[in-house]
2 protein chains.
Amino acid sequence: MVTISDIAAALGVTPSTVSRALSGSPRVKEETRLAVEQMAAEMGYERNVVASNLRKGKSDIVGIIVPRIHRNFFSNVIGGAESILEAAGYCVLICQTHERLEAEVKALRTLRNNQVAGVLMSHAIGARDGKHILDALGSHIPLVQFDRVFSDLPGAKVVSDNFEGAYAATKHLIEQGYRHIGTLAGYMNSEAYAARLEGWRQALRDGGLPEGEVYYDTIVRETGYEAGLKSIDAGCDALYSAGDFSALGAVEAARSRGLRIPEDFGIVGTANETFTSLMTPSMSSLALNPFEMGRQAAQAFLEGADGVRVVPMELKVRESSCRNHSDNQIPNNPCLK
Amino acid sequence: MVTISDIAAALGVTPSTVSRALSGSPRVKEETRLAVEQMAAEMGYERNVVASNLRKGKSDIVGIIVPRIHRNFFSNVIGGAESILEAAGYCVLICQTHERLEAEVKALRTLRNNQVAGVLMSHAIGARDGKHILDALGSHIPLVQFDRVFSDLPGAKVVSDNFEGAYAATKHLIEQGYRHIGTLAGYMNSEAYAARLEGWRQALRDGGLPEGEVYYDTIVRETGYEAGLKSIDAGCDALYSAGDFSALGAVEAARSRGLRIPEDFGIVGTANETFTSLMTPSMSSLALNPFEMGRQAAQAFLEGADGVRVVPMELKVRESSCRNHSDNQIPNNPCLK
DNA sequence: CCGGATAATACAAACGTTTGTACAACTTTG
DNA sequence: CAAAGTTGTACAAACGTTTGTATTATCCGG
């Protein structure tokens with residue numbers, strides 16, 4: 001391992017000069033800088049970032065904490081954040097919590113102990129507030145929350161326009177002639193889900209429809225299936241689901257009751273998971289914009305600016321909610337017009 | 001920030017004693033250890049791992065490099081590796097290369113400069129050999145390769161039983177009565193794809209069928225579509241695809257030619273991506289066992305043992321290749337029996 | 001009660017970098 | 001030409017830990 005002292009010795013200068021030369025300080029002569037750079041290249045020097053981090057008290061690592069990396073949404077957020085952070089010279093450390101609070105706390109501690117430059121995170125479902133986050137991370141490491149945010153925590157936040165999105169999805173169902181629209185609402189300790197619920201509610205009101213059925217804590221296929229059955233029993237003819245997996249469960253529930261989709265039962269999910277466009281019938285979904293959210297989160301970190309950034313959602317209309325034009329070619333998204 | 005010196009001062013001992021006490025050295029008295037531990041807890045001490053790493057010359061970070069984290073396969077490998085590594089006290093740093101060689105080299109350098117304890121990786125398609133890996137990582141950091149491996153590199157390797165798997169998949173197609181079976185082979189600079197090609201070839205030979213058509217460099221939906229069309233023109237009635245996305249493209253190609261699946265055209269993909277079980281018709285796929293591969297890779301790292309570990313694959317028979325019993329309930333996998 | 005072993009702790013040097021301050025060489029100004 | 005300013009380097013002290021060696025305390029047998 002070649003160090004700055006080796007370079008210094010080889011050139012007859014001191015390590016401090018080498019350090020400054022390599023970091024582009026204006027305090028070294030251009031001539032010296034060139035000599036140092038050449039010698040460094042020649043000797044195959046690479047900066048020991050661990051030592052550098054110790055001295056500087058922080059590293060060039062940005063931690064990203066997500067519930068599960070295999071979720072399309074999160075892996076795309078990570079991709080978006082990476083694209084910005086790597087260009088800015090940071091490297092990215094990814095942790096997943098599997099929705100477990102202890103894992104989240106452990107990840108935060110690990111990141112803090114590694115003196116990361118910042119943390120971008122989407123918290124695990126199941127926490128009431130962000131107290132544990134503040135406790136585990138401390139207050140001197142910049143925190144950016146995305147998607148699932150605790151608004152009482154300091155730091156920047158990036159969220160989807162959940163209210164508007166759910167509103168648009170529900171309005172679309174109404175326009176398609178559905179009149180009894182329930183919702184698979186997810187967990188209410190997440191502000192994202194809460195906002196979607198409100199968007200759905202408002203769309204019903206604005207559409208002149210009565211309050212619809214709400215099914216809470218529906219987030220996976222199984223719970224979506226059960227809630228789907230219940231909604232059918234309750235007389236619903238459509239569902240806006242705050243998640244795609246639960247929507248998939250609801251599709252299966254409708255099928256098991258012999259209902260045709262979209263003729264008898266309409267469904268719009270949320271998140272635009274890959275499978276939604278590949279299943280038959282293809283499933284309409286309220287797309288988040290994860291890549292953009294990741295970019296925004298990274299930007300917020302780089303700029304050090306607090307405040308909330310809102311990323312718009314986009315409704316992808318597919319077969320599962322297209323009752324009026326079900327004979328049309330779906331690729332052209334006939335209902336959208 | 002409270003340091004071991006603070007604890008030492010508070011107890012009237014030296015930092016070295018505190019350090020040894022906290023790391024469980026037998027050189028400190030039980031009584032002293034307890035006092036130190038209590039004081040550390042009281043003062044809210046947390047070890048500065050950066051300093052620790054600098055001194056020890058290595059960190060407790062294990063780097064995992066994959067082409068893309070959003071691929072089901074890779075995110076599951078990561079999950080498997082994590083489950084072992086975290087239990088062993090390591091933390092995991094994930095890098096993705098987007099199949100770009102420069103990104104791979106950069107990731108390796110970053111990991112080396114951060115003095116990671118080890119690297120688990122699956123290289124990007126496109127490299128001839130692993131020279132760049134050795135150059136970028138150096139030879140003193142343990143390397144474990146999984147799935148895509150360069151066998152000329154030192155270190156442990158974990159691979160799927162690609163030959164046996166492809167053999168089984170192809171044999172299955174033959175048993176289903178397909179007689180002209182081509183293959184979407186992927187990239188031949190990956191040993192995994194090469195082994196699958198050989199498995200397919202051997203199964204055809206053992207089944208008494210003539211050589212089939214090989215379509216190289218098919219890895220995504222688009223290239224799968226094109227190769228699918230060509231295979232149909234060439235008279236194929238079935239394809240074993242070394243990837244699921246290309247298989248999906250082939251399904252679409254068959255459909256566009258008006259062929260029924262599986263009656264007129266049979267397809268088996270590889271990787272068991274989520275969408276394969278959700279599409280209609282559901283797609284048979286040769287499942288890798290990514291979680292287990294991740295576990296094995298992590299184990300190989302922990303044990304420091306070189307050598308090759310082989311993880312078996314499992315054929316998931318679904319509708320797209322079930323010509324003989326296409327009226328049966330698929331969930332029971334009738335063809336498997 | 002002393003010499004020699006053993007146990008427990010103290011001392012101090014590293015790990016490789018960064019950075020404030022001191023110093024030297026040189027240039028400018030009055 | 002001396003004083004003052006400017007520029008480029010050297011010096012040295014950190015950052016918080018770990019760890020080899022030295023030192024002190026404790027215990028045992030003779």
Side-chain angles (χ1 to χ4, degrees), chain A residues 1-37 39-40 43-61 89 109-110 112-117 138 140-141, chain B residues 1-37 39-40 43-61 89 109-110 112-117 138 140-141:
Chain A
M1 243 358 33
V2 32
T3 72
I4 53 172
S5 303
D6 299 333
I7 299 178
L11 288 170
V13 297
T14 60
S16 58
T17 301
V18 175
S19 174
R20 283 191 239 265
L22 291 175
S23 60
S25 158
R27 279 172 58 179
V28 300
K29 216 177 355 183
E30 187 61 20
E31 187 188 328
T32 314
R33 177 199 322 294
L34 288 172
V36 167
E37 279 168 356
M39 181 59 76
M43 301 175 74
Y45 169 78
E46 295 209 25
R47 161 197 268 123
N48 181 327
V49 299
V50 178
S52 171
N53 292 344
L54 172 60
R55 176 59 228 238
K56 292 193 294 192
K58 68 170 200 167
S59 74
D60 53 356
I61 298 178
R109 292 208 114 82
T110 302
R112 177 169 69 156
N113 292 345
N114 276 284
Q115 301 189 157
V116 295
H140 62 289
I141 296 179
Chain B
M1 242 358 31
V2 33
T3 72
I4 54 171
S5 303
D6 298 333
I7 300 178
L11 289 170
V13 297
T14 61
S16 59
T17 301
V18 174
S19 174
R20 282 191 239 265
L22 292 174
S23 59
S25 159
R27 278 172 58 180
V28 299
K29 215 176 1 182
E30 187 60 21
E31 187 189 328
T32 314
R33 176 198 322 295
L34 288 172
V36 167
E37 278 168 357
M39 181 60 76
M43 300 176 74
Y45 169 78
E46 297 210 23
R47 161 198 269 122
N48 181 328
V49 298
V50 178
S52 171
N53 292 345
L54 173 60
R55 176 59 227 236
K56 292 194 293 192
K58 67 169 201 168
S59 73
D60 53 356
I61 298 178
R109 292 208 114 82
T110 302
R112 177 169 69 157
N113 292 345
N114 277 284
Q115 302 190 156
V116 295
H140 61 289
I141 296 179

Visitor: Grab the two heavy atoms, one from B/S5 and one from B/P15, that are nearest each other, plus how far apart they are.
Guide: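 Between these two residues, the closest heavy atoms are OG-CG, 3.9 Å.
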
Visitor: What pattern of brackets, bars and dots sums up DNA chain D from 5' to 3', given Watson-Crick or G-U wobble pairs under 3.5 Å, [ ] for crossing pairs and | for another strand?
Guide: ||||||||||||||||||||||||||||||

Visitor: Which pairs pass side chain to side chain donor-acceptor pair (under 3.5 Å) with one or both residues in residues 17-27 of chain A, sequence neighbours excluded?
Guide: A/T14-A/T17

Visitor: Taking the side chain as every heavy atom from C-beta outward, state whether A/I141 and A/V116 have any pair of such atoms under 4.5 Å apart.
Guide: yes

Visitor: Please enumerate all residues that pass salt bridge (Lys or Arg N to Asp or Glu O under 4.0 Å) together with B/R33, with sequence neighbours excluded.
Guide: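 If we apply the salt bridge (Lys or Arg N to Asp or Glu O under 4.0 Å) test to B/R33, skipping adjacent residues, the hits are B/E30.
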
Visitor: For A/Q115, is there any backbone N or O sitting under 3.5 Å from a side-chain donor or acceptor partner on A/S59?
Guide: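 Answer holds: yes.
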
Visitor: Checking B/M43 now: which residues fulfil side-chain contact (heavy atoms from CB on, under 4.5 Å) with it, not counting sequence neighbours?
Guide: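 By the side-chain contact (heavy atoms from CB on, under 4.5 Å) rule, B/M43 matches B/V2, B/D6, B/I7, B/A10, B/M39.
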
Visitor: Side chains of B/L22 and B/Y45: does their closest heavy-atom pair fall under 4.5 Å?
Guide: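 B/L22 vs B/Y45: side chains touch.
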
Visitor: Identify whether any heavy atom of A/V50 sits under 4.0 Å from a base atom; if not, whether one sits that close to sugar-phosphate; answer base, sugar-phosphate or nothing.
Guide: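 Counting heavy atoms under 4.0 Å across all strands, no contact is made by A/V50.
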
Visitor: Side-chain contact test, heavy atoms from C-beta onward, threshold under 4.5 Å: evaluate it for A/L54 versus B/N48 and give yes or no.
Guide: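 Yes, at least one pair of side-chain atoms sits under 4.5 Å.
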
Visitor: Before you tell me yes or no, could you show the steps for B/I61 and B/N114 under side chain to side chain contact (heavy atoms under 4.5 Å, CB included), namely the whole-Å CA-CA distance, both residues' side-chain angles and the distance that decides it to 0.1 Å?
Guide: CA-CA 8 Å; B/I61 298 178; B/N114 277 284; 5.6 Å; no

Visitor: How would nucleotides 11-17 of chain D be written as a contact map, 5' to 3', with B for base contact, S for sugar-phosphate-only contact and - for no contact, using protein heavy atoms under 4.0 Å?
Guide: BBBBBBB

Visitor: Taking the side chain as C-beta and beyond, is there a heavy-atom pair between B/T110 and A/D60 under 4.5 Å?
Guide: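 Side chain of B/T110 against side chain of A/D60, heavy atoms only: no contact under 4.5 Å found.
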
Visitor: Check each residue of residues 27-35 of chain A for a non-hydrogen atom within less than 4.0 Å of any atom in DNA chain C, then write out the ones that pass by number, or none.
Guide: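 When residues 27-35 of chain A is checked for heavy atoms under 4.0 Å from DNA chain C, the hits, listed by number, are A/R27.
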
